Amino acid sequence: MREIFAGMPWWVKWIAVPVIAIVVFGGLIASIVGFVIGLLFKVLLFVILVGGVVFVVRKFMSSSSRSDW
């Protein structure tokens, strides 16, 4: 592989090859990035919802234990 690129100009190695790779694998790269961002959003949403439920339950338990019926 090095022998192939050794005789090529610099712009082939640093411009043409990356552009071709992005064109060929661009859809795959975009879907992977979208999947990772979606997964991070779902994890963040899960943490927020669990934290909210824990907060509400603690608030309810502390208020119900203080009051005498």
Side-chain angles (χ1 to χ4, degrees):
M1 196 64 154
R2 288 182 186 235
E3 295 86 24
I4 295 172
F5 283 117
M8 298 288 172
W10 66 269
W11 60 268
V12 172
K13 291 186 269 190
W14 299 107
I15 296 174
V17 173
V19 167
I20 293 170
I22 288 172
V23 168
V24 172
F25 298 109
L28 177 66
I29 294 169
S31 65
I32 290 172
V33 169
F35 174 75
V36 169
I37 291 173
L39 186 64
L40 289 174
F41 176 74
K42 289 178 184 177
V43 167
L44 181 65
L45 185 64
F46 175 76
V47 168
I48 290 171
L49 289 174
V50 169
V53 167
V54 168
F55 176 77
V56 168
V57 168
R58 282 188 177 176
K59 193 84 161 165
F60 178 73
M61 295 298 284
S62 67
S63 66
S64 66
S65 64
R66 283 190 212 153
S67 62
D68 292 328
W69 288 76

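Worth saying up front: this structure is predicted, and the values here are computed from it rather than measured.
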Determine all donor-acceptor pairs shorter than 3.5 Å in which one atom belongs to a side chain in residues 51-61; sequence neighbours excluded.
none

Check: residues 14-40 side-chain donor-acceptor pairs under 3.5 Å, at least two apart:
residue, atom, partner, partner atom, Å
Ser31, OG, Gly27, O, 3.2
Ser31, OG, Leu28, O, 2.8

Inset, instruction - Write down the atom of Met8, the atom of Lys13, and the distance for their closest heavy-atom approach. - result: O-CE, 4.1 Å

